[in-house]
Each structure stands twice: as C-alpha cells, then as structure tokens.
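For the numbers below, each heavy atom of this structure counts, side chains included, while hydrogens, waters and symmetry mates do not. These numbers come from a predicted model, not from an experiment.
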Amino acid sequence: MKCSDSRVSDKNFYKTFARTNPSDKLVVRSLLVLLKYYRWSKFSIISEGNNPYMSVAQSLEKQVSNNTNFTINHNGIKYFPNLHICCEDKKPCCKDIFSEVVEETYKSTRVYVFFGRIFDLIELMTKLQMRKLLDSGEYVIIYIDLEAYSNRHHTGMDMRQHLVDVALKAAGSLLVIVPTPPQDKGYSDFVENVRQYNFKEPFNFPNKLPFPKHITEFAAYLYDSVILYAEALAQTLAENEDPRNGTLIIQKIINKGMYQSKLKFML
C-alpha cells in the first residue's frame with residue numbers, strides 16, 4: 001500500500017501511521033474542482049492497473065460514487081496493463097490496447113481522465129487524433145501527473161516525425177494537473193546531496209546514464225519523515241516516556257502541528 005493511499009487516513013485503524021506526502025484525496029479534489037468548473041459531469045477513467053496510478057483512480061471512483069453531480073461512464077474504471085512489461089516479456093497483453101479503448105468508449109464519452117505513464121498517454125492521444133475525434137474540439141483528455149514538474153526531467157520517446165506531429169496536434173485537447181514544483185532555491189543543493197549519498201555506503205547505487213539521475217520529491221518526503229520521527233523520539237526520551245510506544249510518538253508528531261517541509265511548503 002503506497003503512503004498516498006487514502007485508506008490510511010483512517011486513524012481509528014492506522015493509529016501509528018503518519019505520512020509526509022500528500023494523500024490521493026488532494027489530487028482527486030483538484031480534479032473534481034476542474035471538472036465542476038467546466039461542468040463536465042460525465043467522464044471516463046482510463047488507468048494503468050498498477051500503483052500508484054490505480055490507487056488514485058480508485059480514490060476518484062470512490063469519491064464520485066458519493067457525489068450525485070458526477071457520473072463515471074462504462075460502469076467504472078477501464079484498466080490497461082503495464083505495456084512495457086507485457087511487450088518485454090512477450091505476453092499476450094502486448095498489443096494495441098488504446099485502439100480498443102477508443103473504440104469501446106468514444107461514442108459515449110467526451111471527457112477522458114487518464115492515469116498512467118506519459119508514453120501511454122501519448123499513445124491514447126495519438127489514437128484519438130488518428131480517428132479525427134479531436135478535430136472538432138468535442139473531446140478532452142485530462143492527465144494527472146503524480147510527480148512534481150521539473151523542466152530538467154524529460155521522458156524521451158523514439159517516435160517517427162509524422163507521429164510526433166500527430167501527438168503535438170492532439171495535445172491541443174490535453175489538460176494536465178501537476179503538483180507545484182519546489183520553490184526553494186536551495187532545493188537543488190538537497191537533490192545533489194541525495195545523488196552523492198546514493199553513490200556511498202550502504203547504498204552503492206551507481207549511475208551509468210550519461211546524465212544526472214533524476215531525484216523525485218519522494219526523497220524530500222522521506223527526509224521530512226525521518227526528521228519528524230527523530231524530533232518526536234528525542235522529546236519522548238527527554239520526558240522519560242516509552243520510546244517503543246508508537247501511538248505516543250505519532251501523537252507527539254501530530255501535536256507539533258504545522259511544519260515546514262524540505263520542499264519549503266507548510267504542511
């Protein structure tokens with residue numbers, strides 16, 4: 001279960017669990033605000049059947065099921081497999097999935113909400129464009145990017161020029177919801193420190209790529225969690241309380257209230 005999973009927000013059950021990365025509910029909330037603003041009350045959810053994409057798609061489905069203002073087409077989420085693994089392992093699922101998705105959905109939907117990898121998004125957009133469904137402006141694809149945007153992080157794809165042109169034209173019907181990137185100028189120093197520590201003991205993670213390894217914001221979330229735990233543990237020891245009492249330590253973290261994360265956001 002990934003830490004962003006909305007299920008772990010139930011403190012009656014997960015009494016000793018705390019997280020420093022945002023819940024799926026915050027991503028879904030932003031999406032519902034967008035849908036409500038444009039009065040897009042009916043939409044289709046297309047998602048890779050693996051986490052983190054699946055958990056966010058399911059969180060959206062759950063929230064919509066309790067909201068009479070929205071309807072999910074096709075009786076729920078339409079899943080597709082990890083196509084990279086399918087084709088690498090030469091499995092039967094290595095096929096033109098998105099042509100099938102378009103064929104099954106285009107007559108009854110105009111709004112697609114997509115959870116998956118960027119190259120799968122491009123495949124879906126390309127299939128819609130090649131069917132000329134995007135020419136009239138009646139269709140829209142909403143992409144939920146679960147990683148904070150960075151202009152230094154690009155996903156390269158080996159595509160023929162005519163497919164590049166098709167994808168670029170299709171992008172005119174694309175809306176992207178993306179987390180706000182870190183605003184602190186010192187964050188780049190933190191990222192570089194993470195890279196350097198990756199090379200050292202006990203990690204020993206070499207970088208054989210011709211460019212610096214991309215460090216996601218989850219490194220900052222992990223840093224925050226260690227600092228919060230260390231401070232709560234130090235307070236517990238200073239007050240001669242039981243350091244093995246997880247509920248107590250979590251309560252001390254909660255009592256701390258707002259804190260400034262390594263991303264420089266107040267959480």
Verify the neighbour count for atom NE2 of H74: are there more than 12 heavy atoms of other residues, nucleotides or ligands below 6.0 Å? yes
Atom pair [atom1] ([X]) and [atom2] ([Y]), whose distance is rounded to the nearest 0.5 Å:
X	Y	atom1	atom2	value
S41	I72	OG	CD1	12.0 Å
I177	D145	CD1	CG	10.5 Å
L134	L174	CG	CG	10.0 Å
Q251	T247	CD	OG1	9.0 Å
Y223	S261	OH	OG	11.0 Å
L175	L35	CG	CG	10.0 Å

Do [X] and [Y] touch side chain to side chain, with heavy atoms closer than 4.5 Å?
X	Y	result
N198	I215	yes
N207	F199	yes
K78	I45	no
P81	I97	yes

From CA spacing to verdict: salt bridge (charged side-chain N to carboxylate O under 4.0 Å, His left out), E231, K252: CA-CA 9 Å; E231 291 176 348; K252 290 185 182 298; over 6 Å; no
Should the ring pair W40 and Y38 be called parallel, tilted or perpendicular, given that the plane angle runs from 0 to 90° and is split at 30 and 60? parallel
Taking the ring centre of each residue, are Y139 and Y106 less than 6.0 Å apart? no
Under 3.5 Å, side-chain donor or acceptor atoms of residues 111-119 against the rest of the protein: list the pairs with distances, not counting sequence neighbours.
residue: Y112; atom: OH; partner: T105; partner atom: OG1; Å: 2.6
residue: R117; atom: NE; partner: E48; partner atom: OE1; Å: 2.9
residue: R117; atom: NH2; partner: E48; partner atom: OE2; Å: 3.0

Output, in order, the C-alpha distance, side-chain angles, deciding distance and verdict of side chain to side chain contact (heavy atoms under 4.5 Å, CB included) for Y79 and V101. CA-CA 9 Å; Y79 292 107; V101 169; over 6 Å; no
Of the non-hydrogen atoms in [X] and [Y], which two are nearest, and what is the gap between them?
X	Y	value
K127	V102	CB-CG2, 4.0 Å
P243	I249	O-CD1, 3.3 Å
Y187	T216	OH-O, 3.9 Å
G49	M54	O-SD, 3.7 Å
A232	I253	CB-CG1, 3.6 Å
T236	D242	CG2-O, 3.6 Å

Has the side chain of [X] got a donor or acceptor atom that lies under 3.5 Å from a matching backbone atom of [Y]?
X	Y	value
S59	V56	no
N82	H84	yes
R195	K213	yes

State whether E217 and K262 are salt-bridged, where the test is any N-O pair (Lys NZ or Arg NE/NH1/NH2 against Asp/Glu carboxylate O) under 4.0 Å. no
Trace of the side chain to side chain contact (heavy atoms under 4.5 Å, CB included) decision for Q63 with N67: CA-CA 7 Å; Q63 290 199 41; N67 192 326; over 6 Å; no
Please assess E201 against N204 for the test side-chain hydrogen bond (donor to acceptor under 3.5 Å, both in side chains), listing each intermediate value before the final yes or no. CA-CA 6 Å; E201 295 285 352; N204 297 319; 3.2 Å; yes
For residues E241 and N245, is any side-chain donor paired with an opposing acceptor at under 3.5 Å? no
For N73 and T109, test the side chains for any donor-to-acceptor distance below 3.5 angstrom and give the result as yes or no. yes
Side chain to side chain contact (heavy atoms under 4.5 Å, CB included), that's the test. Do N69 and K36 meet it? Break it down for me. CA-CA 9 Å; N69 295 323; K36 184 178 180 180; 5.7 Å; no
In terms of hydrophobic clustering (I, L, V, M, F, W, Y; side-chain heavy atoms under 4.5 Å; direct or indirect links), are [X] and [Y] co-clustered?
X	Y	result
F203	V226	no
F70	L34	yes
L60	V33	no
Y221	I227	yes

For side chain to side chain contact (heavy atoms under 4.5 Å, CB included), just list the numbers for L32 and V64, CA-CA rounded to whole Å, side-chain angles, deciding distance to a tenth of an Å, and then say yes or no. CA-CA 9 Å; L32 293 178; V64 167; 4.0 Å; yes
